[in-house]
K.L.:
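Quick one: the structure is below, questions incoming.
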Number of protein chains: 2
Amino acid sequence: MDNASLAFRRHNHKHCVNDALHSAVTLCEERGVRLTPLRKQVLELIWQSHKPLGAYALIDLLAAEATRQVAPPTVYRALDFLLEQKLIHRIGALNAFIGCPHPDHSHASHFLLCDECGRAEEIHSKAVSDSIQKAAGAAGFAVTSQSLEVFGLCPDCHKRSSADA
Amino acid sequence: MDNASLAFRRHNHKHCVNDALHSAVTLCEERGVRLTPLRKQVLELIWQSHKPLGAYALIDLLAAEATRQVAPPTVYRALDFLLEQKLIHRIGALNAFIGCPHPDHSHASHFLLCDECGRAEEIHSKAVSDSIQKAAGAAGFAVTSQSLEVFGLCPDCHKRSSADA
DNA sequence: ACGAATATGTTATACTATAACCATTGGTGT
DNA sequence: ACACCAATGGTTATAGTATAACATATTCGT
Ligand SMILES: [Zn+2]
Ligand SMILES: [Zn+2]
Ligand SMILES: [Zn+2]
Ligand SMILES: [Zn+2]
């Protein structure tokens with residue numbers, strides 16, 4: 001079954017969280033890196049929704065859970081780890097972070113970002129990746145990473161705004 | 001002749017600056033908006049190179065020219081104007097701004113960014129734009145703006161790093 | 001247990017961006 | 001010319017994002 005691309009659809013989000021945490025545990029074991037309680041907690045909080053979460057919002061959530069200290073360097077270090085392991089992506093235009101739904105294979109950061117509801121959906125289009133690679137190659141440019149941030153309205157918000165007659 | 005895509009090539013950069021300023025004057029006249037001395041000066045400073053320039057670097061440059069006051073809100077307002085008029089683009093991953101080489105027609109913000117030398121080249125590939133539009137459309141997403149930031153090594157820096165044997 | 005490496009806690013600070021308010025400028029209509 | 005209003009820029013303070021530097025604690029191999 002295709003589990004991808006459901007951020008904008010009605011779905012059982014518990015599955016998203018469980019899958020993400022389970023994948024993270026497995027991958028970190030395989031890679032011999034430590035998904036510590038703090039790192040896991042940060043990952044779980046990021047996955048609490050499909051909306052990119054800012055570092056300081058995350059700090060507030062950690063403070064609310066009140067289980068541990070929450071100074072900025074602590075959370076930024078956890079975010080750095082999760083970014084290195086490709087368990088999360090950073091949305092540059094929003095200074096925010098979002099969980100990666102399939103961290104098992106390396107891939108570029110390509111997102112649809114709804115201006116209205118704030119939800120983000122990661123897209124995986126070979127046509128997009130290939131066309132970017134090709135355009136870069138034509139310029140003699142050796143790509144190491146890509147970030148695509150597409151803003152607009154998700155299906156729900158688009159319908160809703162059309163309904164406002 | 002094709003004047004595009006020369007950020008990574010040897011070229012007479014004075015032409016870039018002159019063209020950009022001339023286009024800006026013309027477009028602002030046509031649009032009935034005011035390219036004030038401050039705004040023009042900021043645009044010219046941004047065009048001093050093909051490297052994205054941070055707002056505070058810009059403030060330092062303005063202070064160096066010593067011709068006017070340079071508090072952050074002043075320069076951010078000028079940047080906002082230039083962004084609205086599409087005379088510059090913002091590079092989210094760098095918190096920096098760069099001149100648009102052809103502000104006369106609206107277009108997405110697609111850049112190649114060299115990790116080594118810092119130069120940025122705007123790319124215009126119909127294949128890229130179309131594939132993004134198509135992917136978004138398939139998800140029922142109504143696009144309003146796009147930002148693509150491709151990191152890697154420009155031809156020069158790639159050659160140079162290959163030479164380090 | 002010991003030491004090295006990794007991870008986290010803590011304090012301070014750097015960097016990026018905006019809010020709020022005031023003075024000045026530039027055009028509009030009379 | 002004059003009053004008027006909108007747009008621009010100056011000024012001060014503050015919000016929001018991220019990291020430097022150093023201390024402490026934990027983990028892991030030996
Ligand atoms: Zn979900
Ligand atoms: Zn939405
Ligand atoms: Zn040039
Ligand atoms: Zn380069």
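Chain naming here is simple, since letters A, B, ... match the order of the sequence lines and numbering starts at 1 in each.
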K.L.:
If you take any heavy atom closer than 4.0 Å to DNA chain D, which residues from residues 22-46 of chain A end up in contact?
P.N.:
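Within this stretch, Arg34(A) sit under 4.0 Å of the strand.
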K.L.:
Nearest-Å distance, CG (Asp60(A)) to P (dT17(D))?
P.N.:
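Going from Asp60(A) (CG) to dT17(D) (P), I get 10 Å.
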K.L.:
Please find the pair of heavy atoms, one from Phe97(B) and one from Ile46(B), that lie closest to each other, and give the distance.
P.N.:
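What the structure gives for the nearest pair is O-CG2, 4.0 Å.
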K.L.:
Does some side-chain heavy atom of Glu122(B) sit less than 4.5 Å from a side-chain heavy atom of His107(B)?
P.N.:
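Yes, at least one pair of side-chain atoms sits under 4.5 Å.
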K.L.:
Would you check, one step at a time, whether the test ring-ring contact (aromatic ring centres under 6.0 Å, His included) holds for His13(A) with His15(A)?
P.N.:
CA-CA 5 Å; His13(A) 187 56; His15(A) 292 169; 9.9 Å; no
K.L.:
Check the angle between the aromatic planes of Trp47(B) and His50(B) and answer parallel, tilted or perpendicular using the 30° and 60° thresholds.
P.N.:
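Rings of Trp47(B) and His50(B): perpendicular, over 60°.
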K.L.:
Check for a donor-acceptor pair, side chain of Gln146(B) on one end and backbone N or O of Ile132(B) on the other, with a separation under 3.5 Å.
P.N.:
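Side chain of Gln146(B) to backbone of Ile132(B), a donor-acceptor pair under 3.5 Å: no, none is there.
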K.L.:
Are OP1 or OP2 of dG9(D) and a side-chain N or O of Thr74(B) less than 4.0 angstrom apart?
P.N.:
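No, outside the criterion.
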K.L.:
Just how far, in rounded Å, is C1' of dG16(D) from CG of Leu53(A)?
P.N.:
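Atom CG in Leu53(A) sits about 14 Å away from atom C1' in dG16(D).
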K.L.:
Whole Å only: how far is the CG atom of Leu62(B) from the P atom of dG10(D)?
P.N.:
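Checked: the CG to P distance equals 10 Å.
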K.L.:
What residue among Gln133(A), Lys126(A), Lys134(A) forms side chain to side chain donor-acceptor pair (under 3.5 Å) with Asp130(A)?
P.N.:
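Result: among Gln133(A), Lys126(A), Lys134(A), Lys126(A) is the only option passing the side chain to side chain donor-acceptor pair (under 3.5 Å) with Asp130(A).
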K.L.:
What pair of heavy atoms forms the shortest contact from Ile123(B) to Phe111(B), and how long is it?
P.N.:
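Smallest heavy-atom distance, with atoms named: CG1-N, 4.5 Å.
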K.L.:
Between protein and nucleotides 11-19 of chain C, map the contacts as a letter string: B base, S sugar-phosphate only, - none, heavy atoms under 4.0 Å, written 5' to 3'.
P.N.:
B----BBBB
K.L.:
For residues Phe8(B) and Ala120(B), report the shortest heavy-atom separation together with the two atoms involved.
P.N.:
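Heavy atoms only, the tightest pair is CE2-N, 4.3 Å.
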K.L.:
Rounding to an integer number of Å, can you tell me how far Phe81(B) CZ sits from dT8(D) C1'?
P.N.:
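Atom-to-atom, Phe81(B) to dT8(D), this comes out as 11 Å.
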